[in-house]
2 protein chains.
Amino acid sequence: MGKRPEYTADTAARGVQNALRVLEGRWKLVILFQLFGGKVRRFSELERAIPGISQKMLIQQLRQLEKDKVVARIVHHEVPPRVEYHLTDWGQSLCPTLDALLIWAEAAPAEVKEGKEEAAEA
Amino acid sequence: MGKRPEYTADTAARGVQNALRVLEGRWKLVILFQLFGGKVRRFSELERAIPGISQKMLIQQLRQLEKDKVVARIVHHEVPPRVEYHLTDWGQSLCPTLDALLIWAEAAPAEVKEGKEEAAEA
DNA sequence: CCGTATCCGGAGCGATACTG
DNA sequence: CAGTATCGCTCCGGATACGG
């Protein structure tokens, strides 16, 4: 934890890229924000909180995040079934960084923020 | 720049997702790291500095980054042609955040870092 | 030297239907 | 309520060839 080894640009890029990989996926961030702050949500809560997502996508992204140790899953063996999701410690530690990214995103030129494509083709 | 408007989890997620979108792509980060610190690199320099990348990918990612105002492109009308790339101010401002992400990535559980896939299928 | 065009395989994602 | 299975489309990225 003292000094990190010397990073070449490539090594550093690979590290970040690896991290980004965990966050990649159409719905990962939306899910993470639902869980930030130590919140615990049920499957159906997430489903309702994220309009437009399908069950397949929700469970798929959730499973990915779980495999990557960002979120944890608790199954209550009851009837009816209840499953709850929450962030791991490592997942929680992402919060400030994501906030920094959010601030960076806010500083983006308007064209970028709106996802403008230059329709100028001819 | 005082207080930002109230962000719902969804709004925040969308903002970050949008920012992440800019960084998405197999080679974006590698390129960015090549340019960090205000460095100016020629097309062929980047090509040589990033083994394994194809011209198509290099130019494609470069164009994306350019459109997203992260990198800027300077064309010298000479013979032979010379084109140089460097980060915009907004691009530069990404550096600390990416470093935070790198640190987060470093703190990842070993299994995650190694990109383990549980081969347990049957 | 810098860039464009085309072909092609694979991964991601969405819609829908079904199960414990 | 929570999760699985399948299909099909789209986009991404790699290889190769060609143009200014």
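Note on naming: letters A, B, ... go to the chains in the order of the sequence lines (proteins, then strands), and numbering restarts at 1 for each one. Computed over heavy atoms, backbone and side chain alike; hydrogens, waters and symmetry mates excluded.
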Any non-hydrogen side-chain atom of [X] less than 4.5 Å from a side-chain atom of [Y]?
X     : Y      : value
A:L23 : A:V70  : no
A:R41 : A:I31  : no
A:L94 : B:L101 : yes

Requested in this report: Name the closest nucleotide to the A:R26 side chain, picking from C:dG3, D:dA2, C:dG14.
Outcome: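 Taking heavy atoms from C-beta onward, the closest nucleotide is C:dG14.
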
Query raised in the report: Which of the following nucleotides, C:dG14, C:dC2, D:dA2, is nearest to the side chain of A:W27?
Result: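 The closest nucleotide is C:dG14.
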
Rounded distance in Å - [atom1] ([X]) to [atom2] ([N]):
X     : N      : atom1 : atom2 : value
B:H76 : C:dC2  : NE2   : P     : 10 Å
B:R42 : C:dG3  : CZ    : C1'   : 14 Å
B:I31 : D:dG13 : CD1   : C1'   : 13 Å
B:R82 : D:dG20 : CZ    : C1'   : 18 Å
A:R41 : D:dC1  : CZ    : P     : 15 Å
A:Q64 : C:dA11 : CD    : C1'   : 12 Å
B:I74 : C:dG3  : CD1   : P     : 13 Å

Requested in this report: If the plane angle is over 60° it's perpendicular, under 30° parallel, otherwise tilted; pick one for B:F43 and B:Y85.
Outcome: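 Answer is tilted, since the angle falls between 30° and 60°.
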
**Report entry** Residues touching DNA chain D, which here means a heavy atom under 4.0 Å, drawn from residues 47-63 of chain B
**Finding:**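 Going residue by residue through residues 47-63 of chain B, the ones with a heavy atom under 4.0 Å of DNA chain D turn out to be B:K56, B:M57, B:Q60, B:Q61.
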
Query raised in the report: Shared ILVMFWY cluster between B:V79 and B:V83, side chains joined below 4.5 angstrom?
Result: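 Shared cluster, no.
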
Report task. Compute the angle between the rotation axes at the two ends of the helix from C:dC1-D:dG20 to C:dG20-D:dC1, each taken over five pairs, rounded to 10 degrees. Result ->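 Comparing the first five pairs with the last five, the axes sit 40° apart.
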
Requested in this report: Return no unless some side-chain N or O of B:Y85 is found under 4.0 Å from OP1 or OP2 of C:dC2.
Outcome: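 B:Y85 to C:dC2 OP1/OP2: no side-chain N or O under 4.0 Å.
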
Query raised in the report: Looking at B:R21, does any N or O in its side chain come under 4.0 Å of the phosphate oxygens OP1/OP2 on D:dC12?
Result: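 No, no such contact exists.
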
Query - For A:V22 against A:K28, the heavy-atom pair lying closest together - result: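 The answer is O-NZ, 3.4 Å.
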
Query - Where B:V71 and B:L62 come nearest, the two heavy atoms and their spacing - result: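 Between these two residues, the closest heavy atoms are CG2-O, 4.0 Å.
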
Query raised in the report: Between the side chain of A:Q61 and the main-chain N/O of A:E24, is any donor-acceptor distance below 3.5 Å?
Result: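 Here the side-chain-to-backbone pair does not exist.
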
Query raised in the report: Is a side-chain donor or acceptor of B:W104 paired with a backbone partner of A:V16 at a separation under 3.5 angstrom?
Result: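 Pair absent, no side-chain N/O of B:W104 close to backbone of A:V16.
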
